[in-house]
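Structure, as structure tokens:
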Amino acid sequence: MADSDTFIPSLHKPAALLPIARHKDALLYTIETKQVTIVVGQTGSGKTTQLPQYLERAGYCNDGKLIAVTQAPTTVAARVAQEVGCQLGQQVGYSIRFEDVTSAATKIKFLTDGLLLREALVDPLLTRYSVIVVDEAHERSLSSDVLLGVLKKVLKRRPELRVVVSSATLVADEFVRFFAGEDGEEGRIVNIEGRAFPVDVHYLSAAVEDYLERAIKTVFEIHADEPEGDVLVFLTGRDEIERAIEMVADRLPGLPKDADALVPLPLYAGLPTEQQMYVFEPTSEGTRKVIFATNIAEASVTIEGIVFVIDCGFVKLRAYNPTTGIETLTATPVSQASATQRAGRAGRTKPGKCYRLYTESAFESLPETTIPEIQRSNLAPIILQLKALGIDNIARFDFLTPPPAELIVRALELLYSLGALDDYVKLTKPLGTRIAEIALEPMLAKCLLSSPSFSCLSEMLTIAAMTSLQGNVWFSHGSKKQEEPARRKFAVEEGDHLTLLNVYQAFVTKGKRDSKWCQQHYLNFRSMIRAVSIRNQLKRYLERFGMDVSESLTGDASAVLRAGGVPKEESIRRCLTSGYFAHAARMAPDGTFRTVDGGTVLHAHPSSLMFNRNADWVIFTEIMETGDKTYIRDVTKIEKSWLLEYGSSFYHIKS
DNA sequence: AGGTTTACT
């Protein structure tokens, strides 16, 4: 409030100047005459902000229907509401996991594609909507791919429905082909691209061994030889970014005395938001920013004033190995599409230059596009969702790009062993339909749904919420030496899950849900608040299923309560095994773990209690291979016999 | 003895 008289720089062009304005009539005509329209244009062309307003004014909301837009709901919705001149949640609203800012008056609704898919569970033909805009479809995320497949089916049943797919140039044809009807007619693409400035691309004449070193050298060459303009360097991860910044800092004293200042800045998702903001601050006279960024700067975040781009040619990509069931995170050569997108970041305000730290022939041999997520992910969650939508034959579902058969088989095996699918590969009732409905990863959903039979429903609700935070429970501000003892205060011998339970209980009782208390105990306050929300949401799901969620005073988690003669902690560990039997391992004498088949060496993640403790058999929630090691996280001790007791069909399939 | 691209239900 005290700052109400400061100036805020305008981030946005007046609507009339946006490239889309010139194409308004063409767009509305195509949308009126064709069921599917593909809009090609860069971020910033006004697609997401203007198009929904055009549609609304053209009468697409007349009979009480809504326009859905699947794009960064919170930020874009606020802007459109402002342009329309309404309060957020009135004509323009948005909906994300824990927030529904819509009302009976809402006509334009921004929501995530995941949420829209969930709405289809209740309303399979999405009858509330007259137009559905699927934004940034070229990014080929798992959920937008599945959504497009579902929409293709819905369109057959709803001739009046309109779908708008927004995409970058490179792949627009793929969407046209995908949606082409029996007549195979063309002309559904509307190109609204604004003029970008030319970007001069430079390659290395010979490959280099150490691209980081070469990147730094290039930064200093640009700084010495080129006119003003900021530099954006694409690297693969936090580690590299931090090293790069040190390297620049080390060499700054070597600059001539009269040289402009050079300011290195990091940008990656894990960076606290306050620190991310520095990269957006305009450079002052006589300084040049060098931003070292991950892929976040390729599409998600746009920084004005970039004139030079340095591209290391690699990106860290997630993949899933269907044979081992292990997820990997490895540096992979970028695709040509990615490299083009990166280069384009240099030409937003004036002509720019892009330096690729590889040879031109290396570029030629890169894959044209990045492999879509659907071809490298664990498909169990989406297969469940499709089944819940009544799409039973997964192999025959019309995917934009079909996933490999091994991924489907692996997912079906797991779902069957969890009891979500029957011998006819149909969703079981009620277990399968409920696992599909709960917004949790299937193994965790199974734990939660079987918790009443282990008399630990309240505890599993908490554990499910806490593990959903995916390792963001602990806050590290600076000194790591103080962090460890702080964690140990909450430690429970049996493992990480019970420790997490302990942390949550302490937060809501002793900690009084207070941020200062979190700081004292090295806990991430925002994550803990989120855990409370997730827990409430999960509880509501269970209520809807008619389960008894009345929570009698549960008391302290570390206290051993007895239920039917079994210690509470044992019930919880058994319950966890009933969902995570497929994630089992045994500790070897050297403190590392082996998978059940003995084939893979696993390491407890340094944030796990089991990092330096003894155990025999364990289950774990997360497994990921990075670089040369495979880490497991959220690890809990179990008895070997429980694996067969709860996961017999899984181990039967495997042997 | 040591760590994860970015989105999200």
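For clarity, every value in this text was computed on a predicted model and none was experimentally measured. These values consider heavy atoms only, across backbone and side chains, with no hydrogens, waters or symmetry-generated copies. To find a chain, count down the sequence lines: A is the first, B the second, and so on, and within it residues start at 1.
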- Please evaluate the base of dT9(B) for a donor-acceptor partner in the side chain of Arg118(A) within a cut-off of under 3.5 Å? yes
Of the nucleotides [options], which one has an atom closest to the side chain of [X]?
X: Thr294(A); options: dG3(B), dC8(B), dT6(B); answer: dT6(B)
X: Leu115(A); options: dT6(B), dG3(B), dT9(B); answer: dT9(B)
X: Asn612(A); options: dA1(B), dT9(B), dT5(B); answer: dA1(B)
X: Ala269(A); options: dT5(B), dG3(B), dG2(B); answer: dT5(B)
X: His605(A); options: dT5(B), dT9(B), dG3(B); answer: dG3(B)

- Item | Validation row: Gln336(A), Phe363(A) side chains within 4.5 angstrom (heavy atoms) | yes
How long is the line joining [atom1] of [X] and [atom2] of [N], in whole Å?
X: Gln276(A); N: dA7(B); atom1: CD; atom2: C1'; result: 13 Å
X: Leu609(A); N: dG2(B); atom1: CG; atom2: C1'; result: 15 Å
X: Arg342(A); N: dT6(B); atom1: CZ; atom2: P; result: 12 Å
X: Asn295(A); N: dA7(B); atom1: CG; atom2: C1'; result: 12 Å
X: Leu448(A); N: dT9(B); atom1: CG; atom2: C1'; result: 15 Å
X: Asp135(A); N: dC8(B); atom1: CG; atom2: C1'; result: 16 Å
X: Met624(A); N: dT6(B); atom1: CE; atom2: P; result: 12 Å
X: Leu329(A); N: dA7(B); atom1: CG; atom2: P; result: 14 Å

Regarding [X], tell me which of base, sugar-phosphate or nothing describes its non-hydrogen contacts under 4.0 Å with the strands shown.
X: Tyr268(A); result: sugar-phosphate
X: Ser141(A); result: nothing
X: Gly237(A); result: sugar-phosphate

- Task: Assign the ring pair Phe490(A) / Trp474(A) to parallel, tilted or perpendicular, where the plane angle (0 to 90°) is split at 30° and 60°.
- Result: tilted
- Judged by modelled atom types alone, do Thr621(A) and His497(A) share a side-chain donor-acceptor pair under 3.5 Å? yes
- Can you find a side-chain donor-acceptor pair between Asn378(A) and Arg410(A) that sits under 3.5 Å? no
- Note on the structure: Pairs under 3.5 Å (Watson-Crick or G-U), crossing ones as [ ], inter-strand ones as |: DNA chain B comes out as .........
- Between Thr112(A) and dC8(B), does any side-chain N or O lie under 4.0 Å from OP1 or OP2? no
- Give a yes/no answer on whether the side chain of Lys629(A) brings an N or O atom under 4.0 Å of OP1 or OP2 in dG2(B). yes
- Starting at the 5' end of DNA chain B and moving along, which residue's nearest nucleotide shows up first, Pro606(A) or Thr328(A)? Pro606(A)
- Note on the structure: Comparing Arg318(A) with Gln537(A), nearest DNA chain B nucleotide closer to 5' gives the residue Arg318(A)
- Message: With the six-membered base ring of dG3(B) as reference, does the ring of Tyr631(A) sit under 5.5 Å away with planes under 30° apart?
- Response: no
I'd like to know if the side chain of [X] and the backbone of [Y] have a donor-acceptor N/O pair within less than 3.5 Å.
X: Thr595(A); Y: Thr600(A); result: yes
X: Arg376(A); Y: Arg318(A); result: yes
X: Lys289(A); Y: Val279(A); result: yes

- Answer yes or no: is there an ion pair linking Glu242(A) with Arg238(A), defined by an N-O contact shorter than 4.0 Å? yes
